[in-house]
Protein chains: 2
Amino acid sequence: MLSIRRYFSSVQRIAQIANASKPGETLQVQGWIKNVRRLKNNIFLDINDGSTSEKFQLVVPRNASTQQLASGSVISAVGRVQLAPNGHYELHADAVQCLAEGHLQDGYPFTPKQKHAPEYVREHLHLRARVDYIAAQMRIRHKAQKAIHDYMDELHFVQINTPILTTNDCEGAGEVFRVQPDSEQLLKQMARPSVPVEQSYFDQKVFLSVSGQLHLEAMSYGLGNTYTLAPAFRAENSKSPLHLAEFYMFEAELVHMEQLDALAAFIERMLKDITQRLLNSSASDLHFCQESANAGSDIAWLQLPWQRLSYDAAMAIIMEHKDKFKSAVSAADGFSKEQELFLVAHCGAPVFVIDWPTQQKPFYMKVSRSDPQRVHALDLLMPAVGELCGGSLRECDAQLLQAHPQLPRDLSWYVELRKFGGLHTGGFGMGFERYLQLVTGVKNIRDVIAFPRYPHSCKM
Amino acid sequence: MLSIRRYFSSVQRIAQIANASKPGETLQVQGWIKNVRRLKNNIFLDINDGSTSEKFQLVVPRNASTQQLASGSVISAVGRVQLAPNGHYELHADAVQCLAEGHLQDGYPFTPKQKHAPEYVREHLHLRARVDYIAAQMRIRHKAQKAIHDYMDELHFVQINTPILTTNDCEGAGEVFRVQPDSEQLLKQMARPSVPVEQSYFDQKVFLSVSGQLHLEAMSYGLGNTYTLAPAFRAENSKSPLHLAEFYMFEAELVHMEQLDALAAFIERMLKDITQRLLNSSASDLHFCQESANAGSDIAWLQLPWQRLSYDAAMAIIMEHKDKFKSAVSAADGFSKEQELFLVAHCGAPVFVIDWPTQQKPFYMKVSRSDPQRVHALDLLMPAVGELCGGSLRECDAQLLQAHPQLPRDLSWYVELRKFGGLHTGGFGMGFERYLQLVTGVKNIRDVIAFPRYPHSCKM
């Protein structure tokens, strides 16, 4: 035991061994046994420490002390790195220390070497990180966030922690969660005349944020370009594999932004750049997830120039092919996911649908000065997931904004931003989980987030 | 106007001019006029674009077109960089384009050149980013998060987005917010027999997270070392300058962690490293905030070795000096903030108080095998803010955990983690806003977060 302790600081993560070690070197690994193969003289153990989806083999002599090793146990071994005939590194050790027994036969839900349906894996949420494709997803999710933070920081954007608790209802959609202290006693203690007692903590109704955009705008009016990568919430009764009650939104606001095309160009450059960073950092995890999801590893869109289509041109294409769609085609409702994917296939590339009918879009979008029936808005449509980003130039004219029939009550502060030294700003929001689905090919959004929350399910 | 458009992509952020430009170079800046000084032939404008707290001067000829320029307006100017006699760069331009009028006389709350009390500034939350020390705070906050993400990524920690919505009540403190859809109609639509209708969305009571620790542990049991930097919530009726209803927690969980001293060493190394990164990226903003807060720029703790004190030794020191404290000294309650600061001063350095009485700490902390009255817990006490981090080794024995009288109901999943290939883990949580208060000297926590939420206040 003492020797292990002494070596503690030199424990090598399996993911780093191929880069950091040379054959013949002595090092220590710690991890879970994923698989055991017993041959005549040696035992071959597949070891996983959570750092990689690639297999790593530990070879130890078969004897009384190693005979008991079983899948699921946590072990520590000091040995010598060797290059196996298949070209992979492996570790040859004289002995293995078992740090904890796996006890897999006592009710562990995941049978080693067996592939389990995602629905079944999701039922055991607390143990799900031990399933290889979930662990790979979590590492990819980490690296995708890192790529976003790195890219935006290099371009001098300031990350703003937009609030989770808000008194705005940004989209006016009504599909929001309400928040109040759980303690009746606290509510009574804080009660004030003329405030309903359940609102006494904040003196008004408070919701979970559906978007950080309006808050970003307020900050951009002092700081310049800003962004946020934060949880957002929708109280929808949706079983869709593309929706969650709690999800992450990557939103950015760019100042001195006067052309929708410049905003589209920024989004295209940014998404290509962060995806390239992700390919550089996480190639084997991406490949592993795509294989697990039976998805192709086709991200040809990285090399293509992305297209632009006006809403009218896009609608004309859909109308021309309207017999092909399951859902009815209606010019009033925008596009269904089926139609979005058709447009992407039709263009042979991701496509920005621009210049939307004013009545289909929210109050904050900038109205075309040459055609008030159109706003400077864009939707980015991608393969597999359909809409990935929505964005727009923001209405910079305080009077137009004030006169908008859909301006929510209590947004006088938002109008006032424009009054004192107004700016031309534009921005976008991207569903972060949809981006992860896009790059990994995972069908169900519940499998790209650690703790999915959806109707009738909030485990742990 | 056309020439400005053509130059758009070459707009230089003021913060980069000193590093990226040479005297004589032509460049474009865009920003707000902070101050105007009119001399005989020239007008001197202080320009701010949100990128720096340092002043940047624009010099233009005094003529009919520049005569109207006033504080608060947004301008664009193309000119030549020159080195001023004071050693700073400035821009000399022939003309200035006014992009938007400031209209400061029409109700703008912040008088140029006047210093306003933080309480007053906070009342105008939507315009607060235009106040220099708030903008500086936001940039520091961004860079501090970037430093944490960079450091943890370099050490191969995986960032986990621990959930905001949870059915756990981690601390069992009862000071939690409850969440439900705002729509009565949705609740009725989703109702199921035997579930109270207000709980029908998730089939149970759902709270806002007070900590991501337990969720991190579940993930570490598959991924190894993990961390989170995420919002947390407390429904306390506190007016304290150290508490918010919505705040950010930086939490990490380390696997194969068997010694409390190793955990303390990790925390010390990490905090020194991210603070050094912050000093490298944000020296002038830090200095500006410290000056605005009338705080010293004394972070001598960066160079000192931090101390360790057992709880018993710390309590003995407090008892020895008990006449010095405003609040009564009681061995049952831990330390008041006054006492924490006294211990830091007494040690002449930040200090880890370790080995706490079992009864003062939560159920998940590892009980000393040699003295069951003690847990392997630490509090890190710092100058100015008192407790900055709390951490512990986690109880790894499923049976001890199961038998703990304070184990919350419904945490069978947490106990089960230990059953199948258990790990020795340890971790800590740090209030991110307290860290920002520590490095900037800002007294009130409401001024280090963009949108503070506290009793009777949830603006925007």
Side-chain angles (χ1 to χ4, degrees), chain A residues 13 30 32 49-51 72-74 100 102-103 108 126 129-130 135 138-139 142 145-146 149 153 156 158-161 163-165 167 174 176-183 186 190 202-203 206 215 218-219 221-224 231 235 237 246 256 413 419-422 450-451 453 456 458 460, chain B residues 13 30 32 49-51 72-74 100 102-103 108 126 129-130 135 138-139 142 145-146 149 153 156 158-161 163-165 167 174 176-183 186 190 202-203 206 215 218-219 221-224 231 235 237 246 256 413 419-422 450-451 453 456 458 460:
Chain A
R13 284 174 85 246
Q30 289 183 331
W32 292 269
D49 63 0
S51 68
S73 293
V74 183
H103 298 298
Y108 186 68
H126 61 296
R130 305 198 195 182
M138 293 300 111
R139 289 188 297 267
H142 163 69
Q145 290 184 80
K146 188 68 175 52
H149 290 308
D153 182 67
H156 308 297
V158 178
Q159 185 190 3
I160 299 296
N161 295 124
I164 306 301
L165 301 179
T167 42
V176 291
F177 288 101
R178 197 175 76 209
V179 176
Q180 62 182 61
D182 188 47
S183 161
L186 180 68
M190 296 180 69
F202 289 117
D203 295 345
V206 165
H215 296 94
M219 285 286 135
Y221 268 81
L223 285 159
N237 187 12
E246 175 178 343
H256 307 305
W413 68 263
K419 192 172 154 189
F420 306 118
F451 301 96
R453 275 75 178 93
H456 306 297
C458 183
M460 302 167 68
Chain B
R13 285 173 86 244
Q30 290 183 331
W32 292 269
D49 63 359
S51 69
S73 294
V74 183
H103 299 298
Y108 186 69
H126 61 297
R130 305 198 196 183
M138 292 301 111
R139 288 188 297 267
H142 162 70
Q145 290 183 79
K146 188 68 175 54
H149 290 308
D153 182 67
H156 308 298
V158 177
Q159 185 190 2
I160 299 297
N161 296 125
I164 306 301
L165 302 179
T167 42
V176 291
F177 288 101
R178 196 175 74 210
V179 176
Q180 63 181 61
D182 188 47
S183 160
L186 180 68
M190 295 180 69
F202 289 118
D203 295 345
V206 166
H215 296 94
M219 285 286 136
Y221 268 81
L223 286 159
N237 186 13
E246 176 179 342
H256 308 304
W413 68 262
K419 191 172 152 188
F420 306 118
F451 301 96
R453 275 76 180 92
H456 305 298
C458 183
M460 302 168 65

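So you know, we letter chains A, B, ... as the sequences are listed, proteins then strands, and number each from 1. Treat the numbers as computed from the prediction; the structure is a model and nothing was measured. Because only heavy atoms are used, hydrogens play no part in the values below, and waters and symmetry mates are left out as well, while side chains stay in.
Considering every non-hydrogen atom in both Gly422(A) and Ala100(B), the closest pair reads O-CB, 3.1 Å. Closest approach of Trp32(B) to Gly421(A), counting heavy atoms only: NE1-O, 3.5 Å.
Summarising the geometry, atom CD belonging to Glu246(A) is positioned 9.0 Å from atom CG belonging to Asn161(B); distances are rounded to the nearest 0.5 Å. Between the NE2 atom of His142(B) and the NE2 atom of His149(A) there is a distance of 9.5 Å, given to the nearest 0.5 Å. If you take OG on Ser183(A) and CZ on Phe177(B), they are separated by 11.0 Å, rounding to the nearest 0.5 Å.
Take Ala218(B) and apply the side chain to side chain contact (heavy atoms under 4.5 Å, CB included) test, not counting sequence neighbours, and it matches Met460(A), Trp413(B), Leu417(B). Residues passing the side chain to side chain contact (heavy atoms under 4.5 Å, CB included) test with Asp49(A) are Arg13(A), Ile14(A), Ser51(A), sequence neighbours excluded.
In this structure, chain B has a heavy atom under 4.5 Å from the side chain of Pro231(A), while its backbone stays farther away. With a threshold of 4.5 angstrom between heavy atoms, Ile160(A) approaches chain B through side-chain atoms but not through N, CA, C or O. Within the 4.5 angstrom heavy-atom criterion, atoms from both the backbone and the side chain of Val158(A) approach chain B. Contacts of Lys419(A) with chain B are made by both backbone and side-chain atoms, with heavy-atom separations under 4.5 Å. Using a 4.5 Å cut-off between heavy atoms, Ile164(B) contacts chain A through both its backbone and its side chain.
Aromatic ring pairs are classed by plane angle as parallel below 30°, tilted from 30° to 60° and perpendicular above 60°; the pair His215(B) and Phe451(A) is perpendicular.
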